[in-house]
Visitor: 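Okay, handing you the structure first.
These figures come from a predicted structure and were not determined experimentally. Just follow the structure's listing: the first ligand is 1, and inside any ligand the first atom is 1. Note: hydrogens, waters and symmetry copies are ignored here, and every other heavy atom, side chains too, is used.
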Amino acid sequence: MRKVNFLFLLLLAVLGSSCRSEKSYEGEWFGLSNKALLTVRFNADSTLDIVSEASSNMSFSCAYKINENVDPVQIDLTGAAGGMTGLGIMRINEEQSLEMCLNFGIPGMTERPVSFKADPMSMTMQYYKLCRDKENVLGEIAYSIKAPEEAALAYERNRRLGAGINLNGVVDGNLHPGYQRDAPLKDDEIIAIAEAGFQSIRFDICWVKHCQQTAPYTIDPAFFEKVDHIVDVCLANDLAVSIDSHYYPYINMNEEDSLVSYEENFVRLEALWEQIAEHYKDYPDDMIYFDPLNEPNMRLGEERWNVTLRSLIKTIRKSNPNKTILVMTPSLGQSWTINYLDLPEDDWNIIVQFHYYMPHLFTHQGLAYAMADGVGQVDWQGTDEEKAQIEKDLDYVTRWSQTHHRPVNMGEYGAVNTATTEARARYLGFVLEAARKRDISSHLWGYRECFEICDPQTGKWIPEIMEAMNLKNKN
Ligand code: GLC
């Protein structure tokens, strides 16, 4: 009898412990974030690692505490990603998946999420559905395609872009208050850009400000002449030119257009590209590139962007079968959103473009539009850890490029001039070199305004920055 009792108790204990382990959070979980692998590791020492394959910014280690006496279970993170707090809820489902919804923010000012769902409007909330089976997760994003021979052309064109600069502040002034400005550009300035060692320019143009505001949206011929002159001087100085459609506030900045509807603005964008492509069709295919829309974001999410870009590519191809098109990643051109792109399988003359400004608070310190007002004196010292973050992000883009057989361009990178010259030089030199090593072409942001690398008093290049960028060494 005593023996039976003992066995019974033993069985209960074993069952109890196996039930507990089924509900245990400890160990590794896998899921997707930005269509890339996400690993969440609950360590025995009450620390948690979140590792996003796509982004250094979303990868961190911190302390965690779980409260299992409430339903749903609560999790508190401390010291997450730059000292933030993270409040969340979690549940383990029947099929052994773990759902986690976390809200990040300043300690004491962050609210815990109330439901298990992604909130597309929130910049601070993350929702993850995770499981124990890594291979299964990887299977969801596995991609395999054989590149046709014609894919080589876009790589050659990307090499031609090399290390370039954005020509901003010349014709990109838009209708936003404070952004109306444009300033004249002397031919000598273009010559100086070429002499400094840049190989190409990304020409930031606000076309929508210079066309009829209602159909047929004809672009002002005098504006075309102004743009043409600059393009011609660039070509004469051996600078390849990427013609960008920069600010389009009615499509991707939530700005209301009082004359035509949101939908009609897509018709206008097509009409603009029909004219731009037609206008430049006889310019050399290996020197003129088209960049159909800067930083799709806000209302223009990834699904709509994929549809829009396919349509814009078709429009451009009607008059330009052989020009290279630079297609931007969704969500402001982030590097970590690259896997959302859905490119046409029958068009290989495409370069994928992303923008890189990490760490954001260093590159945008003090800028209100970038939610960094009041932030100052942020240094970038070039420590191994700081460098590793950038390498990780560029490695992700490179791996995507290799599996998708599409060359990539870093169409903007830069650091605002409120950072010290020494830190800017270190950072810009390192980012450019890291891109070059990976065959990523680039365009520094920018020629003018607060990211400029010329001294505003003398108009001369800032020597420390030019030296760090080492533009003339093209190897
Ligand atoms: C984007 C914006 C531009 C801004 C730059 C750096 O290109 O369009 O206005 O200056 O990023 O933040």
Visitor: With a cut-off of under 6.0 Å to the ring centre and 45° to the axis, is Arg268 in cation-pi contact with Trp273?
Guide: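 Cation-pi check for Arg268 and Trp273: fails.
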
Visitor: For the pair Tyr250 and Tyr248, name the ring-plane relationship: parallel under 30°, tilted 30 to 60°, perpendicular over 60°.
Guide: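 Answer is perpendicular, since the angle exceeds 60°.
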
Visitor: Partners of Leu259 by side chain to side chain contact (heavy atoms under 4.5 Å, CB included), sequence neighbours excluded?
Guide: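 Only Gln213, Asp257 meet the side chain to side chain contact (heavy atoms under 4.5 Å, CB included) criterion with Leu259.
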
Visitor: Under 6.0 Å from the ring centre and within 45 degrees of the ring axis: does the NZ or CZ of Arg304 meet both conditions for the six-membered ring of Phe266?
Guide: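 Flagged: Arg304 positioned over aromatic ring of Phe266.
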
Visitor: Which parts of the protein, at residue level, reach under 4.0 Å of ligand 1 through a heavy atom?
Guide: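 Residues near ligand 1: His246, Tyr247, Asn294, Glu295, Tyr357, His364, Tyr369, Glu412, Trp445, Phe451.
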
Visitor: Could you list the residues that satisfy side chain to side chain contact (heavy atoms under 4.5 Å, CB included) with Thr39, not counting sequence neighbours?
Guide: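 Side chain to side chain contact (heavy atoms under 4.5 Å, CB included) list for Thr39, sorted by chain: Glu28, Phe30, Leu37, Arg41, Val51.
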
Visitor: The criterion is side chain to side chain contact (heavy atoms under 4.5 Å, CB included); which residues satisfy it with Ser401, sequence neighbours excluded?
Guide: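 Checked Ser401 against side chain to side chain contact (heavy atoms under 4.5 Å, CB included); matches are Tyr155, Val408.
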
